[in-house]
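The next block holds one structure in the form of structure tokens; read it before the comments.
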Amino acid sequence: MAFPGAILPTSSWNPGLTWPWQWRKAAYQRFQSQTISCVPFLSGAPAIYTSSVEVATQMFSPRPEIRKDPHANEILRLWGENVLSTNHDMHKRHRRVAGSAFNGSIYTLVAQETAALYYEMMDSEDWTTQSTVSVTGINRYMSKFALGIISRCGFGLPFPWVSNTTLDGMTFDEALLVVAKASIIRVSTPRWAYKLPIENLKKIDKAYITLAEFMKRLISAKKEEFEAHGDDTTRSRPDLLTKLVGANASESEKTKLSDEELVGNVFTFMFAGHETTSVALTASMALLALHPEEQDGLVSHIQEVIGEDRMPNLTKIEALYKVLACFQEAVRMFPGAALLTRDTTDTITLNVPNDEGAKPIVVEAGVRLVIDMIGIHYNPRLFPDPERFDPTRWYGARDSDLTFFGWGHRVCLGRKFSMTEATCFLSLLLRDWKIEPILQNGESLALWRERVLQMGMRGLAFGVGDAPLKLTKRVKA
Ligand code: HEM
């Protein structure tokens with residue numbers, strides 16, 4: 001999507017930025033194809049959009065002629081090259097280092113910390129003492145929650161729900177939230193503009209400086225630990241930051257990360273692990289609020305598996321398949337990573353399925369390939385009656401069925417991390433609280449869904465807007 005179409009709203013004549021969501025019921029049906037090409041009217045590169053898993057698989061394949069374009073992904077490289085931004089051999093190196101941190105120990109930690117932060121949030125917000133709580137926008141809480149879990153489990157940061165530690169008057173979580181929301185402004189605003197008396201730009205600048213300082217201190221402390229204890233550091237604490245700093249100290253070309261790459265990866269994990277999970281948690285709660293019958297079924301299931309256990313362990317969390325399926329269905333319906341792009345650097349051929357089998361299409365160099373995750377997840381051939389919230393679609397699903405995490409050699413590294421966090425959080429919340437939508441005067445559930453559950457750009461990811469919800473404490477027998 002190029003200027004000026006990108007800045008104008010989506011309408012019947014202009015796609016705008018949100019067409020994959022707003023036209024999800026019509027775009028591919030109109031052209032009777034799951035793969036369509038798009039040639040910008042005034043400026044910009046031609047693009048091919050697909051809602052077909054077969055075509056997306058070809059676009060995702062590790063071929064030398066397909067890459068993530070460094071210019072299109074400038075936001076991802078803001079702090080340094082990293083596992084999300086790089087291609088080919090360089091990507092393999094980053095993935096080798098970061099991937100090794102995603103194992104049983106980190107998921108055990110995620111289960112523990114999610115339960116701990118849940119109770120801390122309840123106490124700090126003073127919800128524990130209330131019988132009902134009305135929240136105008138649950139997103140704010142979910143955003144902070146997801147940030148807390150990645151900070152604690154990925155980076156060993158304390159991240160208390162209420163933080164008093166400030167650097168130049170700004171707390172760490174405040175700085176992170178501002179930075180997460182302001183990346184587009186940061187890449188598009190020249191440095192001199194920050195000297196102007198514009199309050200918002202000053203706040204963004206301060207947040208970037210604060211965060212960079214926090215991270216510098218964190219990395220220095222970890223480096224000192226390596227100097228004092230060598231490889232024992234990795235053995236005693238196998239978290240993500242330890243793995244990344246260990247790779248920075250490594251002598252091997254295959255696992256070495258430079259200082260800049262180390263910082264780039266630290267920030268990438270902070271943000272990749274934050275927005276997508278918080279969007280999905282918000283959507284899960286909003287959808288459950290619309291489906292009280294689903295909540296009732298889940299409460300019995302949760303009681304059977306964890307009873308009144310305050311800190312359920314990983315094995316118990318993994319047994320809560322019905323709660324997990326609700327989360328997976330919410331991610332299908334509201335995929336935070338909505339549009340994934342690749343670019344061709346040479347001519348390729350895509351085999352596009354049609355009624356007769358498949359038709360080969362030659363794609364020149366310089367074409368943008370867009371994997372439309374909304375298109376895929378609302379494709380009625382793959383998900384019959386796609387507007388219906390039906391968690392049973394995911395009962396017994398295999399890892400490879402979870403298309404909303406991508407697939408192939410770049411499948412999401414944090415998929416089990418986010419599923420563990422979400423299953424644990426939603427189970428504790430549903431066991432304690434009934435969730436209902438806060439309706440406006442005379443509003444029906446269908447109208448609430450229409451008003452609230454709309455996707456648009458929120459910070460770095462595509463997400464749902466403010467979801468107003470009422471929580472009512474369940475009366476325990
Ligand atoms: C509901 C939550 C999440 C969703 C829907 C999601 C989705 C995705 C998708 C679709 C991709 C593929 C991107 C591409 O191929 O261009 C991806 C990649 C990635 N995700 Fe996630 N993600 C989630 C949570 C997380 C979490 C919690 C973390 C970290 C703790 C994480 C870390 C990453 C990383 C590092 C990559 C890059 C992998 C690579 O390129 O090799 N994600 N994610």
Using a 3.5 Å distance criterion without hydrogens, assess whether the side chain of [X] forms a donor-acceptor pair with backbone atoms of [Y].
X    : Y    : result
H377 : M373 : yes
H274 : A146 : no
D126 : D123 : no
H94  : T86  : no
K256 : N248 : yes
K473 : D432 : no
D343 : I66  : no
R410 : S61  : no

Could you report the tightest heavy-atom contact between [X] and [Y], atom names first, then the distance?
X    : Y    : result
G273 : T276 : C-OG1, 4.4 Å
M142 : S278 : O-CB, 3.4 Å
S134 : I438 : CB-CD1, 3.9 Å
A56  : I371 : CB-CG2, 3.8 Å
A283 : V464 : N-CG2, 4.2 Å
F425 : L281 : CD2-CD2, 4.1 Å

Rounded to the nearest 0.5 Å, how far apart are [atom1] of [X] and [atom2] of [Y]?
X    : Y    : atom1 : atom2 : value
L240 : F102 : CG    : CZ    : 5.0 Å
H291 : L445 : NE2   : CG    : 9.0 Å
M311 : L428 : CE    : CG    : 9.0 Å
I149 : L109 : CD1   : CG    : 8.5 Å
E387 : M333 : CD    : CE    : 6.0 Å
L469 : T136 : CG    : OG1   : 10.0 Å

Determine whether [X] and [Y] make a side-chain contact, defined as any pair of heavy atoms from C-beta on separated by less than 4.5 Å.
X    : Y    : result
F389 : E294 : yes
M215 : F155 : no
D69  : R368 : yes
R93  : L257 : yes
K434 : K470 : no
L176 : F271 : yes
F417 : I150 : yes
Q295 : L430 : yes

Are side-chain N/O atoms of [X] and [Y] paired as donor and acceptor at under 3.5 Å?
X    : Y    : result
W407 : T57  : yes
T242 : K222 : yes
Q303 : E308 : yes
E120 : S124 : no
S51  : D372 : no
T268 : N265 : no
E54  : S52  : yes
T277 : S418 : no

Going through the checks in order, is the side-chain contact (heavy atoms from CB on, under 4.5 Å) test met by M121 and F145? CA-CA 8 Å; M121 174 177 104; F145 197 91; 4.1 Å; yes
Is the closest basic N to carboxylate O distance between [X] and [Y] below 4.0 Å?
X    : Y    : answer
D466 : R140 : no
K203 : D205 : no
K316 : D309 : yes
R415 : D399 : yes
E213 : R217 : yes
K144 : E125 : no
E421 : K416 : no
E329 : R332 : yes

So is R152 actually on top of F159's ring, under 6.0 Å and inside 45° of the axis? no
Working note: D385 + R393, criterion salt bridge (charged side-chain N to carboxylate O under 4.0 Å, His left out); need CA distance, chi angles, decisive distance, verdict. CA-CA 11 Å; D385 197 0; R393 297 179 208 267; over 6 Å; no
Between [X] and [Y], is the gap from one ring center to the other below 6.0 Å?
X    : Y    : answer
W161 : Y118 : no
W21  : F334 : yes
W127 : Y119 : no

Take atom CD in E450; do more than 12 heavy atoms of anything else shown fall under 6.0 Å from it?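 Incorrect, the count does not exceed 12.
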Verify side-chain contact (heavy atoms from CB on, under 4.5 Å) between L426 and S284, making sure each step is shown before the conclusion. CA-CA 8 Å; L426 290 171; S284 307; 3.9 Å; yes
Dump the intermediate steps for salt bridge (charged side-chain N to carboxylate O under 4.0 Å, His left out) on R77 and E261, then the final yes or no. CA-CA 10 Å; R77 299 158 62 237; E261 291 171 330; over 6 Å; no
Qualifying residue for ring pair (Phe, Tyr, Trp, His ring centres under 6.0 Å) with W394, from F404, Y321, F327: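 Of F404, Y321, F327, ring pair (Phe, Tyr, Trp, His ring centres under 6.0 Å) with W394 is met by F404 alone.
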Begin with the C-alpha distance, continue with both residues' side-chain angles, and end with the deciding distance and a verdict on side-chain contact (heavy atoms from CB on, under 4.5 Å) for E113 and T108. CA-CA 9 Å; E113 291 296 343; T108 302; over 6 Å; no
Before you tell me yes or no, could you show the steps for F383 and R388 under side-chain contact (heavy atoms from CB on, under 4.5 Å), namely the whole-Å CA-CA distance, both residues' side-chain angles and the distance that decides it to 0.1 Å? CA-CA 10 Å; F383 300 99; R388 190 160 61 88; over 6 Å; no
